[in-house]
Protein chains: 2
Amino acid sequence: MITSPLKRETMSTKIAALLRREILTGELPPGAQVVETGLALRLGASRGPLREAMRQLIDEGLLVSVAYTGTRVVDISVQDINDIYAVRTCLEQFAFEQVWDRRGDAFAAELHARNDALQAAIDAADDVRAIEAELDLHGLAYERAGNRILLTTWTGLRGRLQLYWAAHHRAHGLSGPLRESHDDYIRLAVGDSLDAMRAEIRSHMRRGLETTKSFVEQKTLTTLQPEPD
Amino acid sequence: MITSPLKRETMSTKIAALLRREILTGELPPGAQVVETGLALRLGASRGPLREAMRQLIDEGLLVSVAYTGTRVVDISVQDINDIYAVRTCLEQFAFEQVWDRRGDAFAAELHARNDALQAAIDAADDVRAIEAELDLHGLAYERAGNRILLTTWTGLRGRLQLYWAAHHRAHGLSGPLRESHDDYIRLAVGDSLDAMRAEIRSHMRRGLETTKSFVEQKTLTTLQPEPD
DNA sequence: AAATTGAAGATTGTCAACAATCATGGCTGT
DNA sequence: ACAGCCATGATTGTTGACAATCTTCAATTT
């Protein structure tokens, strides 16, 4: 049982999961202040576990905190978008290099299953689920590469991507992933040419970067004006 | 002032820095149990800040914790060594791709300065300093690549590398980095061929992996016998 | 003698109160 | 009218005590 680090569900982990969800669904929008005392009261917990949960989300890059001053949901920055997509392009190519020779029928089947889940979410017009499904789809290569460090790194990037995309969808309504947007990706991922797949990843990321970035650039203009509270 | 997140020195951060140092210097060896109450008493702090510091080190991969059971200094695993070196090979090549066209005299000067610091530490037979110096040397490309996500990822890997190498040095005495081990690395890093530098990184990492791994493989045999406390 | 059960100790999880620090707004002096 | 200062409120940092959970070991039963 060494390989099964069963996570005992403690108060902190439950709070962290709940908070993460509220941030990613937009109930707590980017830039919103998160106050320990108020949140503890609302969730019926004490500040101890709450602080631990918040620390977790800080490390995931979803919250930023300044000592003695306050904690906020991280703001969207063009710099971070660029950085994340650049690193992601690099790592996803690496993930496919690592997984390439150990792909099998199970890999292909799971890939198609996750794409079906994505399309179902799109058809159901469920933004949040569609975003999660797309990230799950891309995550398969990282999971099956057999490299724990790589998977941890991907998980770290994934949270912020989900935050950015969720904000994007809330602002634009349903301009999210198209139904056929991953057809090439999947076809090449189960194909015979690693080079072609690497090229597809670079192309896929370039498109995603432009879409996400153009949104953020116009968004920052509107968020600069202080709210008339 | 957006880009200067000035860190207010709080109790937690001081404890985290101190604990990190004790782990990396081997005062707290891999596998050692870390008890909150005892440590809090020793450091003259309360369990609150201590828990926060430990959470930080857990996220850095230096500690592992099981709820209601205990916390220990992470144990050395061959799997992790392999994974880290693979990801590092990928990311360090990417870092040099990103930094390549913006290298300048300052970059070359800093590279040589850090190599001088490394050689000074080696000449002084200072293990801990030599390890830090080598990691600082490799870190330059990550720092100057202008990608915050990349730098964060590197920092995460760096801690574990330092832990493994420190354990290596303690076991073997002074069999650490050789004085001239980075001559090729630096020569190519300031040279004209990115491809040559990429090849050097792959070769450098292969050698480092073999050295570190061979140590860990023999080490695990000796650490399996419980201490007759 | 071996397996099971239960109690005791150890360790982390949780809580509520208190202290330190920071941001805001009004007041005073010029 | 304007600049600087001080008090006030808000927020996080810190503390010590208490509760929940796990591990260990010895007593008991088969």
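Numbers restart at 1 for each chain; the letters A, B, ... are given by sequence-line order, proteins then strands.
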> Between C/dT12, D/dT14, D/dG13, which nucleotide gets closest to the side-chain atoms of A/Y68?
Replying inline: D/dG13
> For the pair made of CG in B/L41 and C1' in D/dT14, what is the distance, rounded to whole Å?
Replying inline: 16 Å
> Is any side-chain N of the basic residue among A/R158 and A/D136 closer than 4.0 Å to the acidic one's carboxylate O?
Replying inline: yes
>> Can you identify which nucleotide, out of D/dT14, D/dT15, C/dT12, has its nearest atom closest to the B/S46 side chain?
In response: D/dT15
> Checking all strands, does B/T37 fall into the base, sugar-phosphate, or nothing category for heavy-atom contacts under 4.0 angstrom?
Replying inline: base
> Which of these nucleotides, C/dT11, C/dT14, C/dA23, is closest to any side-chain atom of A/T69?
Replying inline: C/dA23
>> If I take atom CD in residue A/E9 and atom P in nucleotide D/dC22, what distance separates them, rounded to the nearest angstrom?
In response: 13 Å
>> Can you measure B/E52 atom CD to C/dT12 atom C1' for me and round it to whole angstrom units?
In response: 16 Å
> Does B/T10 make a side-chain N or O approach to OP1 or OP2 of D/dT12 shorter than 4.0 Å?
Replying inline: no
>> Counting only side-chain nitrogens and oxygens, does A/R51 get under 4.0 Å of the OP1 or OP2 atom of D/dG13?
In response: yes
> To the side chain of B/E36, which of D/dT12, C/dT12, C/dC15 is closest?
Replying inline: C/dT12
> So what does B/G48 touch, heavy atoms closer than 4.0 Å: a base, only the sugar-phosphate, or nothing?
Replying inline: base
> Atom CE of B/M11 and atom P of C/dT21: how far apart are they, to the nearest Å?
Replying inline: 10 Å
> When all nucleic acid strands are considered with a 4.0 Å heavy-atom cut-off, which category describes B/S12: base, sugar-phosphate, or nothing?
Replying inline: sugar-phosphate
>> Using whole Å, what does the distance between atom P of nucleotide D/dT11 and atom CG of A/L39 come to?
In response: 13 Å
> Does A/E22 come within less than 4.0 Å of A/R42, counting only side-chain N to carboxylate O?
Replying inline: yes
> Side chain of B/T212, backbone of B/L209: donor and acceptor closer than 3.5 Å?
Replying inline: no
> Is the shortest distance from a Lys or Arg side-chain nitrogen in A/R51 or B/E52 to a carboxylate oxygen in the other one below 4.0 Å?
Replying inline: yes
